[in-house]
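By convention here, the first residue in the shown sequence is residue 1. We count ligands from 1, going down the list as the structure has it; atoms in each ligand are counted the same way.
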Amino acid sequence: MKELLLTAPGKLAWQHAEEPVLTKIGALVRPLAVSTCDFDHLLYSGHSGLPLPLAIGHECVAEVLAIGSDVTSISVGDRVSVPLQVNCGICRQCRAGRSSSCEAVPWLSCFGLGLASGNWGGAMSDIVAVPYADAMLTNLPAELSTASATCLSCNMPDAYRCVAPQLARNPGAPVLIVAGAFDNIALYSAGIATALGASQVDVYGIHPSARDKVEAMGARVLLGQNEIAGNHYPIAVDASMDPEKLALAIHACEPAAELTLSTMYKAKSTPLPLMQMFEKCLSIATGQPDVRSSIKSVVQLLIAEQDKFALLIDEVQPWETASLAFATGQGKRVVMRD
Ligand SMILES: [Zn+2]
Ligand SMILES: [Zn+2]
């Protein structure tokens with residue numbers, strides 16, 4: 001089979017790989033559509049810190065080719081969402097809804113992120129082995145288009161955890177989203193926040209080319225730091241990877257606010273204004289999203305808002321042009337088989 005490998009920063013190549021083996025509790029799936037994510041842009045540019053080469057792609061809708069003898073929840077031919085993370089579904093962390101922290105596999109066991117935690121392969125492949133089929137795969141309802149549904153593997157649940165539980169606890173609250181190197185998580189967070197009734201959704205730091213997408217999500221673009229009100233937002237999202245913008249988000253939070261950091265800070269130590277955070281009784285959450293654990297709620301939201309979130313897709317391209325899609329560096333592209 002063929003898979004798309006990121007061999008070095010800025011270099012992608014189709015290469016032959018051995019076909020994966022089916023296990024009793026696993027499934028083999030054929031990716032139908034794969035979309036680009038902010039993390040792919042980070043990988044491609046060489047700034048992820050993960051070892052190369054790696055098989056790229058982790059936002060994926062696939063067709064089930066084969067299932068193991070113990071698999072009960074899916075059938076051959078099903079169209080499924082494949083989550084970013086590998087998770088078993090039965091360990092203590094999985095049962096508690098923390099599928100990103102599954103104890104059965106090493107941390108960062110994900111498709112498309114390379115060999116750091118095992119050779120799970122990437123979605124830009126002819127066949128992907130899903131090791132825990134019942135725990136991981138989700139049958140997709142017919143009303144969701146294949147191109148729209150790729151974001152269910154990563155971006156949509158990642159953005160969902162940044163604003164949805166917070167808005168459930170604080171209905172109608174205004175939300176601040178701080179963007180940075182890449183725009184997708186900020187845009188999905190904005191779209192989810194407006195869909196879930198935030199009274200005001202402000203986005204700072206978005207690239208000029210994505211400003212119309214902010215407005216399409218029903219949110220407002222803040223152009224300057226001076227437009228960010230201090231002590232104003234009960235809910236804030238930092239998707240910037242920029243310590244100075246993180247400090248801005250903290251400044252903008254009102255007392256007892258909830259701030260979610262969707263991105264990694266790779267430095268061993270990142271300065272934080274702890275006294276200011278203490279004064280504000282600020283709650284900060286960070287880490288990977290629990291993709292599989294939140295999938296039911298996220299699917300329902302995507303069905304309800306499918307047309308709106310489709311506006312975040314720049315282009316749907318043929319499978320063979322994936323190298324171009326992953327090399328673009330910004331935005332969201334979906335590559336699809338015929
Ligand atoms: Zn992603
Ligand atoms: Zn587990």
Side-chain angles (χ1 to χ4, degrees), residues 4 6 25-26 31 33-45 47-50 54-61 81-114 116-118 120-124 128 130-137 149-162 179-189 192 237 239 241 261-264 286-295 298 302 309 312-313 322 325-326 328-335:
L4 187 63
L6 180 66
I25 57 171
V34 177
S35 51
T36 63
C37 163
D38 292 347
F39 205 85
D40 292 317
H41 302 319
L42 203 63
L43 287 166
Y44 184 81
S45 63
H47 292 108
S48 72
L50 294 180
L54 60 79
I56 203 160
H58 63 266
E59 284 203 326
C60 171
V61 170
S81 171
V82 183
L84 157 73
Q85 296 134 348
V86 175
N87 68 285
C88 77
I90 56 172
C91 74
R92 190 173 59 92
Q93 294 289 350
C94 283
R95 281 186 281 115
R98 295 186 289 266
S99 52
S100 70
S101 302
C102 176
E103 294 171 335
V105 290
W107 180 73
L108 208 63
S109 286
C110 296
F111 296 112
L113 300 194
S117 302
W120 306 108
M124 283 308 311
V128 172
V130 178
Y132 305 102
D134 282 331
M136 292 172 64
L137 298 176
T150 55
C151 66
L152 291 169
S153 305
C154 175
N155 280 182
M156 192 84 181
D158 197 352
Y160 187 88
R161 59 81 184 247
C162 291
F182 306 104
D183 297 326
N184 282 312
I185 296 299
L187 291 165
Y188 279 92
S189 299
I192 293 170
V237 180
M241 294 184 72
L261 280 56
S262 68
T263 52
M264 299 184 306
T286 186
Q288 289 190 73
D290 294 308
V291 171
R292 186 56 182 81
S293 303
S294 63
I295 194 76
V298 178
L302 185 58
F309 286 109
L312 297 182
I313 297 173
F326 279 85
T328 306
Q330 278 295 350
K332 191 158 203 72
R333 281 162 179 78
V334 180
V335 292

message: On a heavy-atom basis, which atom in Ser100 and which in Asp290 lie closest, and how many Å separate them?
response: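 Closest approach of Ser100 to Asp290: OG-OD1, 2.7 Å.
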field: Where Phe326 and Met124 come nearest, the two heavy atoms and their spacing
entry: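 Here Phe326 and Met124 meet closest at CE1-CG, 3.7 Å.
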query: With a cut-off of 2.8 Å, which protein N/O/S atoms are close to the Zn ion (ligand 2), if we only count those under it?
result: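 Less than 2.8 Å away from the Zn ion (ligand 2) sit Cys88 SG, Cys91 SG, Cys94 SG, Cys102 SG.
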message: The test is side chain to side chain contact (heavy atoms under 4.5 Å, CB included); show your working for Leu42 and Phe39 and say whether it passes.
response: CA-CA 5 Å; Leu42 203 63; Phe39 205 85; 3.9 Å; yes
message: Could you work out, with salt bridge (charged side-chain N to carboxylate O under 4.0 Å, His left out) as the rule, every residue matching Asp38, not counting sequence neighbours?
response: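 Asp38 satisfies salt bridge (charged side-chain N to carboxylate O under 4.0 Å, His left out) with no other residue.
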task: Mark yes or no for whether Arg98, through its side chain, and Arg95, through its backbone, hold a donor-acceptor pair below 3.5 Å.
output: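 Not confirmed, Arg98 side chain does not pair with Arg95 backbone.
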field: Arg333 side chain vs Thr36 backbone, donor-acceptor pair below 3.5 Å
entry: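 No, the answer is negative, given that no donor and acceptor are paired below the 3.5 Å cut-off.
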- request: State, to the nearest 10 degrees, the angle whose vertex is the Zn ion (ligand 1) and whose arms point to NE2 of His58 and SG of Cys37.
  value: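 His58 NE2 and Cys37 SG form an angle of 110° at the Zn ion (ligand 1).
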